[in-house]
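For reference, the structure is listed below as structure tokens.
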Amino acid sequence: MIRLDTDYKSIKDSLNRNYRNMRIVYGVVILITILLGLASRKYGYLLPAFVSQHAGDALWAMMVYFGFRFLLVRGSIMNAFLLGLLFSFGIEFSQLYQAAWINEIRSHILGGLILGKGFLVLDLVRYTFGMIIAVILDMIARLWSAKW
């Protein structure tokens with residue numbers, strides 16, 4: 001005789017382990033993306049000009065996307081994409097606000113990395129492409145992991 005409560009519990013435990021593992025992977029990917037983004041700023045002179053000019057913002061957007069995947073691991077890729085775009089665009093448009101208190105935050109390294117310094121329409125394009133790249137990488141990784 002099959003015990004439904006036992007089967008349900010084992011399925012639930014298996015799903016929870018899977019989501020926990022996904023969170024660990026997204027956490028590692030976030031750290032790697034941050035390191036690549038910081039490296040693109042510090043060692044940009046070693047990169048081709050196009051990559052040096054655009055990689056930092058694209059990687060920042062990728063980090064935002066993976067952050068939403070980390071937080072909403074049970075959610076859809078599309079939700080993370082849309083929330084990431086909304087967040088990134090919100091940060092960029094917030095740069096139009098130039099009050100002394102927020103400019104003081106932006107003047108520090110961490111504040112400048114998170115909030116940026118000045119509004120650029122080109123940054124919106126960079127964020128969009130960064131998010132699209134992150135979605136593609138996420139989908140490839142999920143397809144690849146499904147084979148195992």
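Just so you know, these numbers come straight off a predicted model, no measurement behind them. Counting from 1, the numbers follow the sequence of the chain as shown.
Taken to the nearest 0.5 Å, the CG atom of Leu137 stands 12.0 Å off from the CD1 atom of Ile132. The distance from the CG atom of Leu35 to the OG atom of Ser40 is 11.0 Å, given to the nearest 0.5 Å. We find the CH2-CZ distance between Trp60 and Arg41 to be 11.0 Å, quoted to the nearest 0.5 Å. Atom-to-atom distance recorded for Tyr127:OH and Glu92:CD is 4.0 Å, nearest 0.5 angstrom. We find the CG-CE distance between Leu83 and Met78 to be 11.5 Å, quoted to the nearest 0.5 Å. Note: Ser52 OG to Tyr43 OH = 13.5 Å, rounded to the nearest 0.5 Å.
Under a 3.5 Å cut-off, the side chain of Ser88 and the backbone N or O of Leu85 do not form any donor-acceptor pair. Of the possible polar contacts, none joining the Arg74 side chain to the Tyr19 backbone as a donor-acceptor pair under 3.5 Å is found.
Considering Ile30, Leu36, Thr33 in turn, Thr33 is the only one that fulfils the side-chain contact (heavy atoms from CB on, under 4.5 Å) rule with Met62.
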Requested in this report: Take Phe93 and Phe119 through the test ring-ring contact (aromatic ring centres under 6.0 Å, His included) and record every step on the way to the result.
Outcome: CA-CA 6 Å; Phe93 280 106; Phe119 178 82; 5.1 Å; yes
Report task. Apply the test side-chain contact (heavy atoms from CB on, under 4.5 Å) to residues His54 and Leu122: give CA-CA distance (whole Å), side-chain angles for both, the deciding distance (0.1 Å), then the verdict. Result -> CA-CA 9 Å; His54 303 292; Leu122 182 57; 3.9 Å; yes
Requested in this report: Output, in order, the C-alpha distance, side-chain angles, deciding distance and verdict of side-chain contact (heavy atoms from CB on, under 4.5 Å) for Leu82 and Leu86.
Outcome: CA-CA 6 Å; Leu82 294 174; Leu86 183 66; over 6 Å; no
Query raised in the report: Passes side-chain contact (heavy atoms from CB on, under 4.5 Å), Leu115 versus Ile102? Steps please.
Result: CA-CA 9 Å; Leu115 298 176; Ile102 198 161; 4.2 Å; yes
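The two residues Tyr45 and Lys42 come nearest to each other via the heavy atoms CE2-O, 3.6 Å. Across every non-hydrogen atom of Phe87 and Val64, the tightest pair is CD2-CG1, 3.6 Å. The two atoms that bring Arg142 and Tyr26 nearest to each other are NH1-OH, 4.0 Å, heavy atoms only. Heavy-atom minimum distance, Ala80 versus Arg69: CB-CD, 3.3 Å. Summarising the geometry of Gln98 relative to Lys117, their closest heavy-atom pair is NE2-O, 3.8 Å, with the distance given to 0.1 Å. Here the closest non-hydrogen pair linking Ile91 and Ile114 is CG2-O, 3.4 Å.
Criterion: ILVMFWY side-chain heavy atoms under 4.5 Å apart, direct or through other members. Under it, Val73 and Val135 are part of a common hydrophobic cluster. Met63 is not connected to Phe129 by any chain of hydrophobic side-chain contacts under 4.5 Å among Ile, Leu, Val, Met, Phe, Trp and Tyr, and they are in different clusters. Leu46 and Phe50 fall into different hydrophobic clusters, where Ile, Leu, Val, Met, Phe, Trp and Tyr are joined by side-chain heavy atoms under 4.5 Å apart, directly or via other members. Note on Phe68: it does not cluster hydrophobically with Leu31, by side-chain heavy-atom contacts below 4.5 Å among ILVMFWY residues. Cluster annotation: Val25 and Leu72 are assigned to the same hydrophobic cluster (Ile/Leu/Val/Met/Phe/Trp/Tyr, side-chain heavy-atom contacts under 4.5 Å, transitive).
Around CD1 of Ile109, the count of heavy atoms belonging to other residues, nucleotides or ligands within 6.0 Å does not exceed 12.
Every residue two or more places apart in sequence or in another chain that forms a side chain to side chain donor-acceptor pair (under 3.5 Å) with Asp123 is listed here: Arg126.
Considering only heavy atoms from C-beta on, Asp138 comes within 4.5 Å of Tyr65 through its side chain.
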